[in-house]
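Just follow the structure's listing: the first ligand is 1, and inside any ligand the first atom is 1.
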Amino acid sequence: MERHSSKWYNVQSVPQSYTFPPEERPGETPIIQICHKIPVIDLEKSLVSSSEKMETIKQLLQAGQEFGFFQVINHGIPEDVMSQTILTFNEFFDMADEQITNVPARKGWIYTGSEQEVKDGVHLWRDNIKHPCHPLEKCMQSWPDKPASYREVVGRYVAEIRKLSLTILELISEGLGIESGYFDEQSQVQLLSANRYPPCPDPSLTLGIPKHFDPSLITIITQGNVSGLQVMVDGKWVCIGAVPNAFVVNIGNQLEIISNGMLRSVEHRAVTNSREARTSIALFVNPTPNCIVEPTKVLLNESNPPLYKFILYKDFINASKAFGIHTDAIQKEA
Ligand SMILES: O=C(O)CCC(=O)C(=O)O
Ligand SMILES: [Fe+2]
């Protein structure tokens with residue numbers, strides 16, 4: 001028998017162990033219904049003039065307030081960096097399972113194949129790898145070394161995303177009236193989480209990732225050409241369109257706290273489709289474990305009292321078990 005056919009997703013129907021309870025499954029409504037309201041923001045415009053920059057800032061804040069999500073285009077990251085990174089992860093996920101699951105003492109990265117990942121008794125329709133990325137030179141020494149290009153390609157991608165995330169955070173801090181550099185300390189940790197959702201015989205029954213909030217400051221996602229990221233808008237699950245060469249950006253719980261609720265961390269989930277595999281790469285920009293996260297003082301006054309208590313980032317993560325069974329391991333790596 002061909003090795004490939006032994007993969008967990010080569011099945012004619014969705015196994016019971018992958019079937020979500022009726023209230024959680026996507027159901028029969030069109031799953032890939034694109035929401036065109038979620039803004040696509042042209043970042044190049046912010047470089048043209050100070051009035052264009054103010055306009056970009058306004059768009060970022062409005063999107064963060066209204067949807068908690070937006071996409072950015074003309075962000076300066078070369079197309080081939082994005083496409084090569086997706087290809088490298090596809091190669092990684094295509095490797096024979098033994099090559100990725102049976103690596104001894106895999107310190108520095110965590111692979112969770114679908115068969116190992118169970119949420120409330122149900123398997124997720126995805127394979128996943130997570131690893132820290134900052135400081136880059138140190139972290140990349142312990143990333144996977146197969147495929148051979150992994151460290152170089154993913155390293156280049158991570159370096160580009162770090163610059164992009166700082167640009168976006170700087171624009172947001174200017175809009176909120178926070179001093180420049182405030183987020184330098186709050187955004188020291190980068191955690192990469194790449195997902196591969198194979199084609200699924202019945203996407204109405206199962207999920208790639210169940211609904212959740214991101215425990216990050218912001219998250220920057222590449223979803224290639226395949227939609228599947230769903231966000232709750234006006235009480236309905238809708239998909240974020242796959243815009244060529246765009247990054248999806250979402251506000252995480254920490255930025256919601258810092259902005260005292262002005263920017264919203266919004267629930268989202270990943271659905272599957274029956275036609276093609278989808279690969280997404282999420283980079284969580286996180287505070288360091290001992291960083292105190294609290295509503296920034298400049299936004300507080302009598303009519304805007306703090307809505308959140310201060311919290312150490314590691315206490316937040318441990319209390320919310322934000323990374324499931326890997327929470328402790330991920331905290332150690334950070
Ligand atoms: O696959 C996606 O687009 C969603 C990923 C996501 O929400 C996450 O990794 O937290
Ligand atoms: Fe997420």
Protein N/O/S atoms closer than 2.8 Å to the Fe ion (ligand 2), ordered by chain and number, come to H212 NE2, D214 OD1, H268 NE2
task = State plainly whether the residues K146 and E91 are in salt-bridge range, i.e. N to O under 4.0 Å.
result = no
In short, ring pair (Phe, Tyr, Trp, His ring centres under 6.0 Å) pairs touching residues 191-232 with sequence neighbours left out are H212-H268
- Query: Side chains of V158 and Q190: does their closest heavy-atom pair fall under 4.5 Å?
  - Reply: yes
Residues pairing under ring pair (Phe, Tyr, Trp, His ring centres under 6.0 Å) where one sits in residues 142-162, two or more places apart or in two chains, turn out to be F89-Y150, F92-Y150, H131-W143, H131-Y150
Go through the steps to decide whether E117 and R126 satisfy the test salt bridge (charged side-chain N to carboxylate O under 4.0 Å, His left out), and finish with yes or no. CA-CA 9 Å; E117 189 163 29; R126 70 149 186 194; 2.9 Å; yes
Q.
Under a plain distance cut-off of 3.5 Å, with no hydrogens placed, do R264 and Q65 share a side-chain donor-acceptor pair?
A. no
Which N or O atoms of ligand 1 sit under 3.5 Å from a protein N or O, and how far apart is each pair?
from, atom 1, to, atom 2, distance (Å)
ligand 1, 1 (O), Y197, OH, 2.6
ligand 1, 1 (O), R278, NH1, 3.1
ligand 1, 1 (O), S280, OG, 2.7
ligand 1, 3 (O), R278, NH2, 2.8
ligand 1, 7 (O), H212, NE2, 3.2
ligand 1, 7 (O), H268, NE2, 3.1
ligand 1, 10 (O), H212, NE2, 3.0
ligand 1, 10 (O), D214, OD1, 3.2

So CG of L124 and OG of S114: to nearest 0.5 Å the spacing works out to 6.5 Å
Original post:
How about Y18 and W125: are their ring centres within less than 6.0 Å of each other?
Top reply: yes
Open item on the list: Is it the case that the side chains of S265 and N253 hold a donor-acceptor pair, with the cut-off being a distance below 3.5 Å and no angle test?
Closed with: yes
